[in-house]
**Q** 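Below is one structure. I have some questions about it.
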Amino acid sequence: MRKRIVAGNWKMNKTVAEASELAQAIVQGFTGTDSCEVVLCPPFTDLAAVQQVIAGTAIKLGAQNMYWEEKGAFTGEISAAMLKSAGCHYVILGHSERRQYFAETDASVNKKILRAFEHGLIPIVCVGETLAERQSGRMHQVVEEQVRGCLANLTAEQVATLVIAYEPVWAIGTGVVATTEQAQEVHALIRDLVAKLYSMQVAEAVRIQYGGSMKPDNAGQLLSQKDIDGGLIGGASLDAKSFLEIVHA
Ligand code: PGA
């Protein structure tokens, strides 16, 4: 049985004080559930403060990005070892905003994934097509290329451990959510591909989250689909009440 996973991607929001406050509200409202893992992914500057708040609870910490080099003269970058030492369990890699604004590619995401594993971090690997790619009928091909590129050179055990987030770019922050059928179709496609590249066993183990305008009022439906194992939540994760409603869904 795959354990569901709901992660809040706070993006570039919240000062240290605001992040502590939000994390406190989430801790207070979280009733604890064995069937769902909960992860908070604040900006780098808030990691320590959020870790303090969630210490001793079942809630886990994640980061939104990292660099693939071990350490050294890479001004402005953050390493996997640094994230691990800050208390992170997870790291989001290859988010579409990083691909769009910071020129990330499947190849660079792949290097980051390999490094993350070396340090015991679990990658949340984001894939998803743009509206133009969907409309031109290239959706399957685009998602397949991303999955193949990001997962290159990974062991079966690593793939079974990581999390894939399917995030159609046209649904992120737009309020336009994929229909349950649209989401389930791509999730099944990704799982089939993992089965083809690795094995049925790995495909059955890998968790695939949906992301893109997931909100309390659509989460239940999306999460009832057989290949949707959780959510990567942007906007709705910035409010404790709506985030917790999704978790409890
Ligand atoms: P959204 O963002 O929930 O605000 O659409 C999701 C994401 O980008 O991870």
Side-chain angles (χ1 to χ4, degrees), residues 4-14 18-19 22 26 36-44 46-47 50 59-66 88-104 106 109 112-113 116 121-131 133-134 142-143 146-147 150 162-180 182-184 186-187 190 207-223 225 228-249:
R4 289 172 183 279
I5 175 165
V6 173
N9 174 11
W10 295 3
K11 307 195 179 183
M12 196 174 76
N13 294 290
K14 305 294 177 189
E18 291 166 349
L22 176 56
I26 291 170
C36 179
E37 223 176 325
V38 177
V39 186
L40 304 182
C41 304
F44 293 135
D46 299 337
L47 287 172
V50 171
I59 300 174
K60 294 190 175 127
L61 191 67
Q64 299 173 19
N65 181 34
M66 52 160 262
C88 290
H89 269 81
Y90 288 92
V91 57
I92 300 171
L93 295 174
H95 189 280
S96 66
E97 286 150 18
R98 302 242 23 116
R99 294 174 187 260
Q100 185 181 350
Y101 304 125
F102 304 98
E104 290 203 7
D106 296 331
V109 174
K112 292 180 178 192
I113 295 172
L121 292 166
I122 300 178
I124 297 176
V125 183
C126 303
V127 298
E129 81 289 356
T130 63
L131 187 59
E133 286 163 346
R134 176 172 277 264
V142 167
V143 173
Q146 289 175 336
V147 172
C150 289
L162 56 70
V163 179
I164 297 175
Y166 168 59
E167 300 205 302
V169 178
W170 46 272
I172 296 179
T174 56
V176 182
V177 65
T179 64
T180 49
Q182 284 172 328
Q184 167 57 30
V186 184
H187 280 239
I190 294 171
R207 291 179 294 175
I208 309 177
Q209 292 177 312
Y210 170 80
S213 298
M214 195 188 263
K215 302 272 184 303
D217 62 357
N218 57 33
Q221 267 239 313
L222 285 159
L223 295 168
Q225 299 299 301
I228 302 183
D229 305 315
L232 182 55
I233 323 297
S237 73
L238 296 173
D239 174 71
K241 186 169 170 285
S242 61
F243 182 65
L244 288 167
E245 276 175 33
I246 296 173
V247 170
H248 296 136

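This structure is a prediction, so every number in the text was calculated from the model and none was measured. Counting starts at 1 for both ligands and their atoms, following the listed order.
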**Q** Distance-only, no hydrogens or angles: does the Asn218 side chain make a donor-acceptor pair with backbone N or O of Ser213 under 3.5 Å?
**A**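 Confirmed, Asn218 side chain pairs with Ser213 backbone.
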
**Q** Mind checking whether Asn9 contacts ligand 1 via backbone (N, CA, C, O), side chain (CB onward), both or neither, at a 4.0 Å heavy-atom cut-off?
**A**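 It is the side chain that touches ligand 1; the backbone stays farther off.
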
**Q** Does at least one non-hydrogen atom of Ala236 fall below 4.0 angstrom from an atom of ligand 1?
**A**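 Per 4.0 Å heavy-atom rule, Ala236 does not contact ligand 1.
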
**Q** Could a heavy atom of His95 be found less than 4.0 Å from some atom of ligand 1?
**A**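 Contact check His95 vs ligand 1: positive.
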
**Q** Side-chain contact, heavy-atom cut-off 4.5 Å: Pro43 with Asn13?
**A**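 Of all side-chain heavy-atom pairs linking Asn13 with Pro43, none is under 4.5 Å.
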
**Q** Just need the protein heavy atom nearest to atom 3 (O) of ligand 1, so name the residue and atom and give the distance.
**A**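 Protein heavy atom at minimum distance: Gly234 N, 2.9 Å.
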
**Q** Working to the nearest 0.5 angstrom, can you tell me the gap between Gln64 CD and Lys11 NZ?
**A**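 If I round to the nearest 0.5 Å, the distance is 9.0 Å.
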
**Q** Run the ring pair (Phe, Tyr, Trp, His ring centres under 6.0 Å) test against Tyr166 and tell me which residues pass, sequence neighbours left out.
**A**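 For Tyr166 the ring pair (Phe, Tyr, Trp, His ring centres under 6.0 Å) partners, ignoring immediate neighbours, are His187.
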
**Q** What atoms in ligand 1 come closer than 4.0 Å to a heavy atom of Leu232?
**A**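 With Leu232 as reference, the close atoms of ligand 1 come out as 6 (C), 9 (O).
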
**Q** I'd like to check whether Lys215 has a polar contact with ligand 1, where a contact means an N/O of the residue lying under 3.5 Å from an N/O of the ligand.
**A**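 Lys215 vs ligand 1: no N/O contact under 3.5 Å.
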
**Q** Which one of Ala7, Gly235, Cys126 has a non-hydrogen atom at the shortest distance from atom 4 (O) of ligand 1?
**A**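 Shortest heavy-atom distance from atom 4 (O) of ligand 1: Gly235.
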
**Q** Among all protein non-hydrogen atoms, which one is nearest to atom 9 (O) of ligand 1, and what is the separation to 0.1 Å?
**A**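 Of the protein heavy atoms, Glu167 OE2, 2.7 Å lies nearest.
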
**Q** Run the contact test for Gly211 against ligand 1 with a 4.0 Å cut-off on heavy atoms, strictly below, and give the result.
**A**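 Distance cut 4.0 Å: Gly211 fails for ligand 1.
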
**Q** Atoms of ligand 1 less than 4.0 Å from Gly173 heavy atoms?
**A**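 In order of number, 1 (P), 4 (O), 5 (O).
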
**Q** Do side-chain atoms of Thr130 reach the backbone of Val169 as a donor and acceptor pair under 3.5 angstrom?
**A**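 Answer holds: no.
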
**Q** Please tabulate, one pair per line, all N/O donor-acceptor pairs under 3.5 Å involving side-chain atoms of residues 231-243, not counting sequence neighbours.
**A**
unit_1	atom_1	unit_2	atom_2	d
Ser237	OG	Ile233	O	3.1
Ser237	OG	Gly234	O	2.7
Asp239	OD2	Lys241	N	3.4
Asp239	OD2	Ser242	N	2.9
Asp239	OD2	Ser242	OG	3.4
Lys241	NZ	Glu245	OE2	3.1
Ser242	OG	Ala236	O	2.7
Ser242	OG	Asp239	O	3.3

**Q** For Ala171, take its heavy atoms, then give the atoms of ligand 1 lying under 4.0 Å from any of them.
**A**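 So the answer, numbered in order with elements, is 5 (O).
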
**Q** Which of these, Val125, Leu93, Ile164, Leu162, sits in a side-chain contact (heavy atoms from CB on, under 4.5 Å) with Cys150?
**A**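 When Val125, Leu93, Ile164, Leu162 are each tested with Cys150, the side-chain contact (heavy atoms from CB on, under 4.5 Å) holds only for Val125.
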
**Q** Kindly say whether His95 contributes a backbone atom to a donor-acceptor pair with the side chain of Glu104 at under 3.5 angstrom?
**A**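 Absent.
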
